[in-house]
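Heads up: the structure comes next, in structure tokens.
All values reported here derive from a predicted model rather than from experimental measurement. This chain uses plain numbering: 1 for the first residue, then up along the sequence.
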Amino acid sequence: MAFGEQPAYLRVAGDLRKKIANGALPPRTRLPSQARIREEYGVSDTVALEARKVLMAEGLVEGRSGSGTYVRERPVPRRISRSGYRPPSGSSPFRQEQAEDGTRGTWQSSSEQDVAGPEIAARLGIEPEDRVMRTRYVFRDGGEPMMLSTSWEPLAVTGRTPVMLPEEGPLGGCGVVERMAAIDIVVDNVLEEVGARPGLAEELLTLGGVPGHVVMVLERTYFASGRAVETADVVVPADRYRVAYHLSVK
């Protein structure tokens, strides 16, 4: 193979990708069979199979047991807004974003006491095995799962206070800033790091993805005078959402 020349399977995958993008192979259309790809492009069965695998890994097609491989619907990505501005209503960021979009999101949550593993302990600035309140969320838009989140709060901060359980009590469902203010802790900054990775099987099962799909992971940590009071992992499907930041410039 000459320098810069694509392997045959990538060349075939690229041509099929173009046909999907320009509508020649519209959503729900069956992808040409392995034999058809072999004949049309003059390649081996191995090359045809590898090209199909590329398209599946990219989330462009999906296999259906006993039926074949079909072009997937391509969702129009929606924005998940991140802002340096505090919502005036005291609501959580998710509630505020849904209100701005004119939609009505719902969520389920469950909280339980746990011990901090090494990674979470490092993010919270506590010792491994220190007690934390772990809360898991499934956020839905129009009934469809759109986002997962797991948060951890040091019980050294919130234990035996009215805000120990994030979704219960008088401030249940409010944002971290408002909940901490209720126990005289002033949150003054937040760190967010955005990355991507293949989704875990249980995440994709909940979010409606297929094995191999990529998810974005937003690691968020709230601080009060340099002390971490909450950290969370927010997981969203990378093909359905974009994270948009609106930051003030001073």
Side-chain angles (χ1 to χ4, degrees), residues 57-59 62 72-83 87 91-101 103-124 132-154 158 163-168 171-179 190-222 228-245:
E58 293 175 350
E62 60 184 353
R72 295 182 66 239
E73 292 275 3
R74 297 295 292 168
V76 178
R78 288 187 53 192
R79 290 201 315 168
I80 293 178
S81 300
R82 314 299 298 168
S83 175
S91 61
S92 68
F94 178 73
R95 278 179 172 160
Q96 185 69 14
E97 290 161 11
Q98 294 286 301
E100 290 171 356
D101 288 344
T103 57
R104 295 187 61 184
T106 60
W107 66 92
Q108 294 173 302
S109 66
S110 62
S111 297
E112 61 181 338
Q113 294 191 31
D114 198 0
V115 294
E119 179 185 351
I120 297 304
R123 285 162 56 175
L124 289 172
V132 293
M133 183 64 70
R134 183 186 66 202
T135 303
R136 291 191 172 105
Y137 297 87
V138 178
F139 296 93
R140 290 182 168 83
D141 182 3
E144 294 295 322
M146 60 168 288
M147 180 169 64
L148 307 177
S149 178
T150 304
S151 68
W152 297 266
E153 296 179 353
T158 61
V163 300
M164 186 173 74
L165 294 169
E167 294 296 322
E168 297 183 21
L171 292 176
C174 289
V176 174
V177 175
E178 286 70 27
R179 290 177 49 248
V190 58
L191 171 66
E192 292 189 348
E193 298 183 10
V194 181
R197 59 166 170 76
L200 303 179
E202 56 268 28
E203 293 170 339
L204 296 175
L205 180 63
T206 301
L207 292 170
V210 298
H213 272 195
V214 173
V215 296
M216 289 184 292
V217 182
L218 187 152
E219 294 183 4
R220 180 198 65 209
T221 305
Y222 283 100
V229 296
E230 190 250 34
T231 193
D233 286 343
V234 180
V235 177
V236 294
D239 63 338
R240 283 184 266 163
Y241 294 93
R242 297 289 183 268
V243 179
Y245 283 86

- [ ] Check the pair E58, H213 against side-chain contact (heavy atoms from CB on, under 4.5 Å), reporting the backbone distance first and the verdict last.
- [x] CA-CA 7 Å; E58 293 175 350; H213 272 195; over 6 Å; no
- [ ] Show the numbers, then the answer: is there a side-chain contact (heavy atoms from CB on, under 4.5 Å) between V243 and L218?
- [x] CA-CA 9 Å; V243 179; L218 187 152; 4.2 Å; yes
Task: side-chain contact (heavy atoms from CB on, under 4.5 Å) evaluation trace for L204 with V215 - done: CA-CA 9 Å; L204 296 175; V215 296; 4.2 Å; yes
Open item on the list: Working note: R240 + M146, criterion side-chain contact (heavy atoms from CB on, under 4.5 Å); need CA distance, chi angles, decisive distance, verdict.
Closed with: CA-CA 8 Å; R240 283 184 266 163; M146 60 168 288; 5.9 Å; no
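In this structure, the separation between CG on L148 and OG1 on T150 is 7.5 Å, given to the nearest 0.5 Å. The distance from the CD atom of E168 to the OG atom of S109 is 8.0 Å, given to the nearest 0.5 Å. To the nearest 0.5 angstrom, R136 atom CZ is 11.0 Å from S149 atom OG. In this structure, the separation between CG on L165 and CD on E112 is 11.5 Å, given to the nearest 0.5 Å. Residue Y222 holds its OH atom at 7.0 Å from CD of E192, rounded to the nearest 0.5 Å.
Annotation for E144: atom CD does not count as buried by contact number, only 12 or fewer foreign heavy atoms lying within 6.0 Å.
The residues D233 and R123 are annotated as salt-bridged, a charged nitrogen and a carboxylate oxygen being separated by less than 4.0 angstrom. Contact check on E230 versus R220 returns a salt bridge, with a Lys/Arg side-chain nitrogen under 4.0 Å from an Asp/Glu carboxylate oxygen. A salt bridge between E203 and R197 is present, with a side-chain N of the basic residue lying under 4.0 Å from a carboxylate O of the acidic one.
Taking both residues in full, the closest heavy atoms of L207 and M147 are given as CD2-N, 3.8 Å, listed atom of the first, atom of the second, then distance. Between G173 and E167, the shortest heavy-atom contact is CA-OE1, 3.5 Å.
When atom types are taken as modelled, the side chain of R72 and the backbone of E62 share no donor-acceptor pair closer than 3.5 angstrom.
A side-chain donor from one of R140 and Q108 sits under 3.5 Å from a side-chain acceptor of the other.
The shortest distance between side-chain heavy atoms of Y137 and S111 does not fall below 4.5 Å. Contact of the D239 side chain with the V214 side chain is not registered, since no non-hydrogen atoms from C-beta on lie closer than 4.5 Å. R134 is not listed as a side-chain neighbour of Q113, based on a closest heavy-atom distance of 4.5 Å or more. Side-chain contact check for Y245 versus V194: some heavy-atom pair is nearer than 4.5 Å.
Put simply, the residue from T221, V132, T135 that forms a side-chain contact (heavy atoms from CB on, under 4.5 Å) with W152 is V132.
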